[in-house]
Amino acid sequence: MTSSPAPNASGARSRPGRSSARSSKLSREVIVNAALTFLDREGWDGLTINALATQLGTKGPSLYNHVHSLEDLRRTVRMHVIDDILQMLSAVGQGRTRDDAVMAMASAYRSYAHHHPGRYSAFTRMPLGGDDPEYTAASHAAAAPVIEVLTSYGLDGDDAFYAALEFWSALHGFVLLEMTGVMGVVDIDTDAVFSDMVLRLAAGMARRNEARG
């Protein structure tokens, strides 16, 4: 005679295999997407295998069936974020040139950082474990939409790449000051200051090409 499942505390009968069924729903994609959501809530330093497993309602060892290590997970998350930023910059810059394109891309970049602070932190972290050629190549690819816009100012080759790096440095510095609250110390219109900074950078790019010519 086969015995029926024992009732649980609520009076409902437990179902054998529930735990294994939950674990079977895990996949690398599910874990990475959960990690992206986790980042924006808890931050880069809070992302661990056990913390993420708790969010997914399972145990840490279950995640290792799909990710090799925390480093593997973090690296994959970074690559996803880089791709998101690449797609975003390409979309907002489509059909635009010069100041119009630069302002649209800068504004989108700033918005992304504020709406996804954890992911932005992942984007600005160096790869774990030292040199990572694939990550480096992906980072350079993320700069491609900006470099393409800079060609509309007449810049090309190394000039365009260095200008893109300078542009990114200015944006990152501004965003970081906002995210850490430093910009809030002074009573200023940060949107106006941001726009002015971007347009000054754009004007400098145009003058650089004129001087070279």
Side-chain angles (χ1 to χ4, degrees), residues 29 32-33 35-41 43-44 74-127 134-184 188-210:
E29 181 180 5
V32 170
N33 287 335
L36 289 167
T37 301
F38 181 96
L39 277 176
D40 288 335
R41 188 178 66 252
W44 176 261
R74 287 184 165 181
R75 180 183 183 278
T76 304
V77 164
R78 277 198 222 86
M79 297 293 283
H80 272 258
V81 172
I82 289 175
D83 186 61
D84 283 347
I85 291 176
L86 171 60
Q87 298 302 324
M88 174 192 70
L89 293 179
S90 296
V92 299
Q94 188 70 34
R96 291 185 165 102
T97 60
R98 296 177 69 91
D99 293 6
D100 180 37
V102 167
M103 182 58 71
M105 295 172 109
S107 297
Y109 181 91
R110 180 189 180 204
S111 178
Y112 182 92
H114 284 294
H115 284 90
H116 301 290
R119 302 184 199 195
Y120 183 72
S121 179
F123 172 65
T124 56
R125 295 290 182 110
M126 289 298 292
E134 186 178 2
Y135 179 82
T136 300
S139 299
H140 279 262
V146 179
I147 293 175
E148 182 177 352
V149 167
L150 295 182
T151 61
S152 64
Y153 289 96
L155 300 174
D156 57 18
D158 286 345
D159 283 338
F161 177 75
Y162 293 145
L165 184 59
E166 293 160 10
F167 185 68
W168 175 72
S169 298
L171 294 186
H172 175 60
F174 192 96
V175 165
L176 194 60
L177 289 174
E178 283 190 304
M179 294 174 73
T180 55
V182 175
M183 280 290 184
I188 57 173
D189 183 344
T190 52
D191 291 339
V193 173
F194 181 80
S195 297
D196 189 56
M197 179 190 74
V198 173
L199 292 177
R200 286 177 187 273
L201 287 169
M205 294 171 197
R207 285 196 298 269
R208 174 185 297 182
N209 184 55
E210 293 169 2

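Computation of the quantities below employed the complete heavy-atom set of this structure, encompassing side-chain atoms and omitting hydrogens, waters and symmetry-equivalent molecules. Since the model is a prediction, treat every value here as computed from it, not as a measurement.
The side-chain contact (heavy atoms from CB on, under 4.5 Å) search around P145 returns L86, L89, S90, M105, not counting sequence neighbours. Scanning for ring pair (Phe, Tyr, Trp, His ring centres under 6.0 Å) contacts around H172 gives Y120, W168, with sequence neighbours left out. Evaluation of the side-chain hydrogen bond (donor to acceptor under 3.5 Å, both in side chains) rule for S107 yields no partner, not counting sequence neighbours. Under the rule for a side-chain hydrogen bond (donor to acceptor under 3.5 Å, both in side chains), D84 has no partner lying at least two apart in sequence or in another chain. Considering only residues two or more places apart in sequence or on other chains, A104 meets the side-chain contact (heavy atoms from CB on, under 4.5 Å) condition with R96. With sequence neighbours excluded, no residue satisfies salt bridge (charged side-chain N to carboxylate O under 4.0 Å, His left out) with D83. When the side-chain hydrogen bond (donor to acceptor under 3.5 Å, both in side chains) test is applied to S121, no partner is found at least two apart in sequence or on another chain. Residues forming a side-chain contact (heavy atoms from CB on, under 4.5 Å) with Q94 (at least two apart in sequence, or on another chain): none. With sequence neighbours excluded, no residue forms a side-chain hydrogen bond (donor to acceptor under 3.5 Å, both in side chains) with D189. Partners of A144 according to the side-chain contact (heavy atoms from CB on, under 4.5 Å) rule, which considers only residues two or more places apart in sequence or in another chain, do not exist here. Shown here are the ring pair (Phe, Tyr, Trp, His ring centres under 6.0 Å) partners of Y112, two or more places apart in sequence or in another chain: H116.
Sorted by first then second residue, the salt bridge (charged side-chain N to carboxylate O under 4.0 Å, His left out) pairs that include residues 101-114, not counting sequence neighbours, are R110-E178, R110-D191.
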